[in-house]
Amino acid sequence: MNICIIGLGYIGLPTAAMFSTHGHKVLGVDINKKVIDALNQGKVIIEEPYLEEMVNDAVKGGTLKASEKPDEADAFIICVPTPIRADKTADLSYVENAARMIIPYLKKGNIVILESTSPPGTTRDFLGSIFSHAGFIPGEDIYLAYCPERVLPGRILIELKENSRVVGGINEESARVVKELYKSFVEGEIYTSEATTAEMCKLMENTYRDVNIALANELAMLCEKMRVNAWDVIKFANKHPRVNLHMPGPGVGGHCIAVDPWFIVEKQPEIAKIITLARDTNDGMPQHVLGRIEALTSHIEGKKKILILGVTYKPDVDDMRESPIIELIGQLKKEGVYNTVIVDKHVDYEGSKDNDLYEAAKNAHLIVLAVNHSEYKNIDFARLKEAMNSPKVLDTRNFWDRDIVEQAGLEYHLLGCGRNQF
Ligand code: SAJ
């Protein structure tokens with residue numbers, strides 16, 4: 001098939017790479033000229049294992065190219081962002097623009113698929129009415145379906161292939177043809193359903209995770225007060241065959257889990273009480289970490305130097321969207337008594353990419369392990385201690401070994417732990 005993919009971001013680009021290396025011809029469309037130029041040279045501008053090799057193969061083989069404009073195709077796939085507005089409702093303007101952009105190229109018998117995470121009703125009501133106004137009867141003249149991605153950044157290409165998927169059609173026939181299309185590279189099961197059910201399913205997967213992380217964060221705060229180690233509680237509770245407590249941390253980031261639950265809340269705020277509370281709990285974690293930092297540095301007069309390790313929303317990615325660490329840094333700055341230095345080779349945030357860990361640790365009063373990037377696992381704690389003014393670390397991820405850190409002469413503090421070990 002000729003496939004036109006609108007939006008070449010974290011999902012659109014890997015999806016384009018997949019289809020174009022599995023028997024289809026793909027035209028990728030983006031508004032960012034840098035993305036287009038890179039792709040046409042077989043390159044990518046995001047960090048994702050195997051992606052560049054795959055894109056390069058497809059471009060060389062003539063099955064993938066990028067442009068600023070769509071063209072006629074058999075199938076159109078919309079993979080544009082659905083940002084959240086200040087009032088916590090979904091901004092569907094990119095989805096709307098993408099739909100309007102393809103209308104001049106749309107023909108009877110074409111397939112239109114939405115992949116972007118969207119509030120329930122977006123495919124059937126929102127997109128359906130845009131195409132109806134343009135003279136196409138969805139389900140009769142064109143196939144229309146929602147087919148959400150479920151991939152984890154860092155494992156996108158593996159999960160695109162292996163994960164199961166749900167396809168929600170606005171009618172049975174739409175779901176069936178879209179399932180056939182995705183079968184070209186998906187090895188997992190593809191389930192078919194109705195469009196709004198599939199939208200709700202996508203939102204609920206991430207909401208499930210958000211609510212469980214909120215529970216873990218609440219546990220962490222309880223344990224700090226009750227002189228218990230939350231990480232031990234979680235480890236042992238999870239030995240129960242039907243318990244799967246998640247991990248606490250400095251907050252929830254990324255464009256999915258920190259955002260998607262609001263797309264349910266916007267539709268039914270009166271009913272979605274647990275979902276709202278979980279969001280608020282997770283959004284409150286940077287404030288909680290700030291409280292720990294204040295307590296650990298309260299004895300220091302004057303400006304306190306805090307070294308933050310990691311600023312991305314999770315380990316080993318170059319994505320800072322909705323990162324709770326950015327929020328934490330903002331709160332530290334607002335206090336006016338902290339001098340924050342950030343180290344993170346994955347992204348450039350206030351010089352984070354070029355900062356050397358041991359140089360940055362010079363005269364620091366506290367090191368906060370904010371993101372558990374793999375390169376922070378085996379660091380020279382003795383060297384850090386030598387460089388610091390007050391030898392303390394706050395581990396927000398349970399990433400370091402207390403014994404190793406303490407043997408190097410550093411004081412070890414752990415988020416969620418209100419008690420020393422035996
Ligand atoms: N986090 C915790 N505790 C945990 C797990 C995660 O605090 O126990 C935090 C992380 O530090 C991070 C955030 O949650 O800040 C989200 O990270 P993540 O790795 O859980 O998820 P994402 O946002 O990278 O990807 C999610 C995935 N959804 C689920 O696992 C249900 C992925 O499968 C989805 O495709 C993706 O959202 C998406 O695009 O919707």
Side-chain angles (χ1 to χ4, degrees), residues 7 9-15 46-48 79-84 90 114-118 146-166 188 198-221 230-231 233-235 237-238 243-264 278-279 281-286 288-289 310-328 346 369-373 395-399 415-416:
Y10 284 90
I11 300 304
L13 183 54
T15 304
I46 54 174
E47 196 180 315
E48 184 60 40
C79 296
V80 294
T82 43
I84 187 151
L114 177 66
E115 277 218 23
S116 315
T117 306
S118 307
Y146 182 65
C147 183
E149 51 80 21
R150 288 172 153 170
V151 293
L152 202 65
R155 286 177 47 85
I156 291 182
L157 292 169
I158 301 165
E159 295 208 354
L160 268 179
K161 221 179 184 137
E162 293 179 358
N163 288 2
S164 65
R165 287 185 91 117
V166 54
E199 287 163 346
M200 195 63 175
C201 175
K202 166 70 198 181
L203 297 174
M204 216 44 208
E205 290 163 13
N206 284 343
T207 299
Y208 161 86
R209 206 152 159 83
D210 197 47
V211 169
N212 277 285
I213 297 168
L215 189 62
N217 282 332
E218 189 166 298
L219 170 71
M221 292 186 283
W231 303 89
V233 174
I234 293 167
K235 183 168 73 189
N238 284 351
V243 173
N244 177 23
L245 286 170
H246 286 34
M247 300 302 154
V252 170
H255 180 64
C256 307
I257 297 184
V259 171
D260 298 359
W262 291 121
F263 293 178
I264 299 177
R279 274 288 64 245
T281 302
N282 290 336
D283 279 350
M285 289 313 287
H288 178 74
V289 175
V311 69
T312 55
Y313 87 91
K314 69 176 194 175
D316 304 328
V317 298
D318 63 352
D319 191 342
M320 288 190 287
R321 287 179 297 174
E322 316 290 328
S323 170
I325 316 309
I326 309 264
E327 172 66 26
L328 172 65
H346 298 266
L369 188 274
V371 183
N372 41 338
H373 288 311
D395 180 352
T396 67
R397 306 279 183 171
N398 195 25
F399 190 55
L415 180 90

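Atoms within a ligand are numbered from 1 in the order they appear, just like the ligands themselves.
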Checklist entry - Do K202 and E149 sit within salt-bridge range, that is, some charged N less than 4.0 Å from a carboxylate O? => result yes
Close N or O approach ([X], ligand 1; < 3.5 Å):
X	answer
V151	yes
E149	yes
E205	no
G253	yes
H246	no

Have a look at [options] and point out the one with the heavy atom closest to [atom].
atom	options	value
atom 3 (N) of ligand 1	M285, E159, M247	M247
atom 36 (C) of ligand 1	A220, P250, C256, P315	C256
atom 40 (O) of ligand 1	K202, R150, R155	K202

Distance to 0.1 Å, residue and atom name: give those for the protein heavy atom nearest to [atom].
atom	result
atom 9 (C) of ligand 1	I213 CD1, 4.1 Å
atom 25 (O) of ligand 1	L152 CD1, 3.5 Å
atom 24 (O) of ligand 1	Y313 OH, 2.5 Å
atom 21 (O) of ligand 1	I257 CD1, 3.5 Å
atom 5 (C) of ligand 1	R209 NH2, 3.5 Å
atom 26 (C) of ligand 1	N206 OD1, 3.8 Å
atom 19 (O) of ligand 1	K314 NZ, 2.9 Å

Checklist outcome for this item: Result for side-chain contact (heavy atoms from CB on, under 4.5 Å) between L415 and one of H288, R397, M221 points to H288
Checklist entry - Do the non-hydrogen side-chain atoms of H346 and V317 ever get within less than 4.5 Å of each other? => result no
Item to check | Y313 and P153, any side-chain heavy atoms less than 4.5 Å apart | outcome: yes
When you measure from the side chain of [X] to the backbone N and O of [Y], does any donor-acceptor pair fall under 3.5 Å?
X	Y	value
E48	I156	yes
S116	V80	yes
D318	E47	yes
T396	L369	yes

Kindly list each side-chain donor-acceptor pair under 3.5 angstrom involving residues 208-217, sequence neighbours excluded, with atom names and distances?
| residue | atom | partner | partner atom | Å |
| --- | --- | --- | --- | --- |
| D210 | OD1 | R279 | NH2 | 3.0 |
| D210 | OD1 | N282 | ND2 | 2.8 |
| D210 | OD2 | R279 | NE | 2.8 |
| N212 | ND2 | Y208 | O | 2.7 |
| N217 | OD1 | G249 | N | 2.9 |
| N217 | ND2 | N282 | OD1 | 2.9 |

Next on the checklist: So for R397, does at least one of its heavy atoms come nearer than 4.0 angstrom to any atom of ligand 1?
Outcome noted: yes
Checklist entry - Does R321 have any salt bridge (charged side-chain N to carboxylate O under 4.0 Å, His left out) partners at least two apart in sequence or in another chain, and if so, which? => result D319
